[in-house]
Amino acid sequence: MPNSLTDWLQKSRLTVVSVDATRGRLRVRGEADLCSELSCGEGTLVVANEGEGNLEALNPGDIIKVEPKSGGAQTITVLRRAWEEIASPEV
């Protein structure tokens with residue numbers, strides 16, 4: 001039985017646990033509540049509603065998805081900000 005779009009979106013979303021922009025490290029939590037540490041290079045691009053930036057644009061609690069780019073870099077897209085998640089009536 002194929003996964004629904006909702007299932008796929010839930011599994012591809014990560015929650016930011018902590019950000020160490022100076023070391024290029026990002027700790028995230030996935031669907032199974034397991035944490036992973038990502039190593040991000042200088043070419044990592046963070047895309048949010050406010051515009052584009054680097055790891056300093058991320059906050060603990062932000063919900064993101066990570067997509068690889070050519071040359072080993074990656075694009076991190078902010079799907080929902082931490083303060084939006086907290087204020088949501090869905091919670």
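In this text, all values refer to a predicted model and were calculated from it rather than measured experimentally. For the numbers below, each heavy atom of this structure counts, side chains included, while hydrogens, waters and symmetry mates do not.
Atom CZ in R13 sits 11.0 Å away from atom NZ in K65 (nearest 0.5 Å). Taken to the nearest 0.5 Å, the CG atom of N49 stands 10.5 Å off from the OG1 atom of T77. The distance from atom OG1 of T15 to atom CZ of R80, rounded to the nearest 0.5 Å, is 11.0 Å.
Under the side chain to side chain contact (heavy atoms under 4.5 Å, CB included) criterion, N59 pairs with D62, R81, W83, not counting sequence neighbours. Listed by chain and residue number, R27, R29, C35 satisfy the side chain to side chain contact (heavy atoms under 4.5 Å, CB included) test with V17 (two or more places apart in sequence, or in another chain). Shown here are the side-chain hydrogen bond (donor to acceptor under 3.5 Å, both in side chains) partners of S39, two or more places apart in sequence or in another chain: there are none.
Nearest heavy-atom pair, A82 versus P60, reported as atom, atom and distance to 0.1 Å: CB-O, 3.4 Å. Shortest non-hydrogen contact noted between I76 and C40 is CD1-SG, 4.3 Å. Across all their heavy atoms, V46 and V78 have their closest contact at CG1-CG2, 4.0 Å.
For E56, the CD atom counts as loosely surrounded, since its 6.0 Å shell holds 12 or fewer non-hydrogen atoms of other residues, nucleotides or ligands.
For the side-chain contact (heavy atoms from CB on, under 4.5 Å) with L26, the lone residue among D20, T44, V66, I64 that qualifies is I64.
Both L55 and L38 are part of a single hydrophobic cluster, where members link through side-chain heavy atoms under 4.5 Å apart.
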